[in-house]
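Notes follow the structure.
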Amino acid sequence: MRKTSISESIPEVKRSKLQFLFPFMLNEQIIGGFTEKLLEEGFQFFTLRNTKQQNEYYGDDKVFHRKLEKYFLPNIEPLLFPKSYTAREGIRRFSLKLNLDCTLDSTKLNMPFVVESIDILVCPFRIGLMNLRISLPESIAYSDVIAFADLFRVLEPITEDEEEVVLGCRNHQYHAVKEFVFKELLRPMEDYVEDNPDTDPSYFGSLPFFMDERMYVLSYIHISEGSDLTQLNLFQLAELESCNQHEGDKHPNYIERYCKEHVYERWGDQTYIVMSDYQFSCITKETGDIEKQLASNFYGEFFYSVFLYYYYKIVLLMLSYNHSTIDIEKDKSKTELLIFMITQFSAKYYMPEVNSTTTGKEIFGRLQKIFRVETLYQEVKETLSFLYQSQDTLSGKSTNYLLQILTIYSTISGLFGMNLIIEDWRGKIPLDKMSHYSIFEWIAILVTTTGVSISLILGVVFIKNWLKERKSRKNKIL
């Protein structure tokens, strides 16, 4: 990899494959029927035991299930590869083969492309992710690959600098990627996406704590052996900036520092892994079996590793956001639910080490730092400690109030006792005698009846809240 110079060469692209990840929140009320609906629409549950799926969704490439399974540590496999679509504690993937010929047109790019397949990943904590696999034409310009990724990842233009596009597919035209996805590719899914009126109505997906409406991009770019990659080329790929964007960003020292942090170059000038907050890319000059293996890794081992840390980041941001929306003194049930969610995530889902290979640990250890996963996790752990302390304080106050009330009842009952009226209340209640009761006997009746009533009401409220919280916890996580 050469350092940046004034005169830059443009790599010659042989072929390029893209994947686009879009996260969303599933509707809590109807999440149970979502997987059944996907199966009705022709999606297949992805399982490593089904070897027919190894070359079903990846165009001309293939993912070896056995190799994919061995790439991850044994404790992470039940989460990533559950054996049944009913295993709600795992990440369930449903895939649909499409092979749709489409076009993208804008003022700076006109590009045909093929939608090879689509995944819906149903994850714990009501997080869903859509993954689109797209193949671009062979022998296109390097800048066109970057431009396509930058345009297509914007679900709906919001700011002035976001260019409008027109997407064509099966004699239909769409003026936004969001419209193309949810009207052409995934018509039934929009009903299952949570639409929270309390959040920003311009954001689709109900994740106001995450990012604006941009998908995360994964790309595999095979360039010719004679191409000369520079640090600027890799920087443009990492930031999804075309060759003519932001001339001021081409300061050599800045780009050199950036590449040291965001580019993995174990394989020298042949293959680079480029990663950032916006994209993850494998760009290579390799040929033959090595090139095919890298493409397989892109769809298999690389995808699942990126996806897992991306999912961790979303959940951790969600937990932090939920903490910011809770009034701890008023929302006791929400506080307890958040404590439960953080505890479950830490105990059952968050794994600092997921890869079993040296290369995997090096690559995705760096991606983990870029996503700030460990930093976010430590912040969430501090939140949990704070919630426990706050809950203990509030519980102590509530217990003191309850003890005061019980002490008053016990004192009055001890002073008067039931002996004042207990003999009169044997058998039928003597209404004629009650008119002659003294004020002390009436106080005894009042203490007895209110005490029994309060006990019954507290018991009913406790059971009702317990059942409600149990159902809520299950829906919030699974």
Side-chain angles (χ1 to χ4, degrees), residues 1 11 13 15-23 104 109 111 113 115-116 119 121 129-136 140-155 161-163 165 177 181 207 210-223 229-243 245-246 249 255 258-265 271-284 294-295 297-314 317 360 362-373:
M1 174 179 59
V13 177
R15 68 166 179 147
S16 52
K17 300 292 188 80
L18 302 173
Q19 297 185 84
F20 293 86
L21 273 175
F22 169 64
L104 179 145
L109 183 69
M111 179 76 69
F113 64 96
V115 181
E116 294 180 335
D119 297 333
L121 296 114
L129 285 104
M130 176 197 71
N131 178 43
L132 282 176
R133 294 188 188 86
I134 287 177
S135 175
L136 299 182
I140 60 175
Y142 180 75
S143 58
D144 286 347
V145 177
I146 298 175
F148 181 92
D150 189 35
L151 288 170
F152 195 86
R153 76 188 183 109
V154 180
L155 281 171
D161 62 333
E162 292 176 337
E163 190 174 349
V165 298
V177 175
V181 169
L207 297 177
F210 195 53
M211 293 176 67
D212 53 357
E213 295 200 12
R214 287 180 172 88
M215 294 184 278
Y216 190 82
V217 182
L218 293 92
S219 60
Y220 173 76
I221 303 174
H222 181 209
I223 60 176
L229 280 173
T230 66
Q231 290 180 338
L232 178 58
N233 297 143
L234 300 177
F235 172 80
Q236 291 165 342
L237 181 59
E239 292 294 299
L240 295 176
E241 295 181 357
S242 65
C243 299
Q245 271 185 299
H246 305 296
D249 287 345
I255 293 176
Y258 184 94
C259 288
K260 285 181 179 179
E261 182 179 350
H262 293 81
V263 178
Y264 181 75
E265 48 186 0
T271 301
Y272 296 99
I273 303 295
V274 184
M275 59 199 90
S276 69
D277 283 324
Y278 315 114
Q279 69 85 48
F280 178 95
S281 180
C282 174
I283 181 167
T284 184
L294 287 170
N297 291 345
F298 167 69
Y299 285 122
E301 293 89 332
F302 289 171
F303 167 76
Y304 270 100
S305 297
V306 173
F307 158 74
L308 186 60
Y309 285 117
Y310 189 66
Y311 169 68
Y312 282 166
K313 180 179 180 179
I314 294 171
L317 288 171
E362 291 176 351
I363 295 174
F364 298 105
R366 186 174 297 193
L367 184 67
Q368 188 180 24
K369 291 180 181 178
I370 293 173
F371 280 171
R372 297 180 59 249
V373 172

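Side-chain atoms are counted along with the backbone in the values below, which use heavy atoms only and exclude waters and symmetry mates.
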**Item:** R366: partners by salt bridge (charged side-chain N to carboxylate O under 4.0 Å, His left out), with sequence neighbours left out
**Value:** none
**Fill in**
By salt bridge (charged side-chain N to carboxylate O under 4.0 Å, His left out), D144 pairs with (sequence neighbours left out) none
Find the distance between [atom1] ([X]) and [atom2] ([Y]) and round it off to the nearest 0.5 Å.
{"X": "H222", "Y": "F298", "atom1": "NE2", "atom2": "CZ", "value": "14.0 Å"}
{"X": "T284", "Y": "Y272", "atom1": "OG1", "atom2": "OH", "value": "10.0 Å"}
{"X": "R214", "Y": "D150", "atom1": "CZ", "atom2": "CG", "value": "7.5 Å"}
{"X": "N233", "Y": "I255", "atom1": "CG", "atom2": "CD1", "value": "9.5 Å"}
{"X": "Y258", "Y": "E239", "atom1": "OH", "atom2": "CD", "value": "3.5 Å"}
{"X": "L18", "Y": "R153", "atom1": "CG", "atom2": "CZ", "value": "12.5 Å"}

**Message:** Going by the rule ring-ring contact (aromatic ring centres under 6.0 Å, His included), which residues pair with Y304 if we only count those two or more places apart in sequence or in a different chain?
**Reply:** F81
For [X] against [Y], the heavy-atom pair lying closest together:
{"X": "L129", "Y": "P23", "result": "CG-CA, 4.1 Å"}
{"X": "V274", "Y": "Q279", "result": "O-NE2, 3.2 Å"}
{"X": "I363", "Y": "M275", "result": "O-SD, 3.7 Å"}
{"X": "C282", "Y": "L294", "result": "SG-CD2, 4.4 Å"}
{"X": "S281", "Y": "S219", "result": "OG-OG, 2.8 Å"}
{"X": "I370", "Y": "S276", "result": "CG2-C, 3.8 Å"}

Side-chain heavy atoms of [X] within contact of [Y], under 4.5 Å:
{"X": "I140", "Y": "F148", "value": "no"}
{"X": "F303", "Y": "L21", "value": "yes"}
{"X": "Q19", "Y": "F302", "value": "no"}

By side chain to side chain contact (heavy atoms under 4.5 Å, CB included), which residues pair with [X], not counting sequence neighbours?
{"X": "E261", "result": "none"}
{"X": "V13", "result": "S16, Y142, V145, I221, I223"}
{"X": "A295", "result": "R15, D61, Y220"}

**Fill in**
Only residue of Y216, Y278, F307, Y311 satisfying ring pair (Phe, Tyr, Trp, His ring centres under 6.0 Å) with F371 is Y216
**Request:** Give the intermediate values and the outcome of ring-ring contact (aromatic ring centres under 6.0 Å, His included) for residues Y310 and F280.
**Result:** CA-CA 11 Å; Y310 189 66; F280 178 95; over 10 Å; no
**Prompt:** Can K313 and D277 be said to form a salt bridge (charged side-chain N to carboxylate O under 4.0 Å, His left out), step by step?
**Reply:** CA-CA 11 Å; K313 180 179 180 179; D277 283 324; 3.8 Å; yes
**Prompt:** Should M111 and F152 be marked as a side-chain contact (heavy atoms from CB on, under 4.5 Å) after you check the CA-CA gap, both sets of side-chain angles, and the distance that decides it?
**Reply:** CA-CA 11 Å; M111 179 76 69; F152 195 86; over 6 Å; no
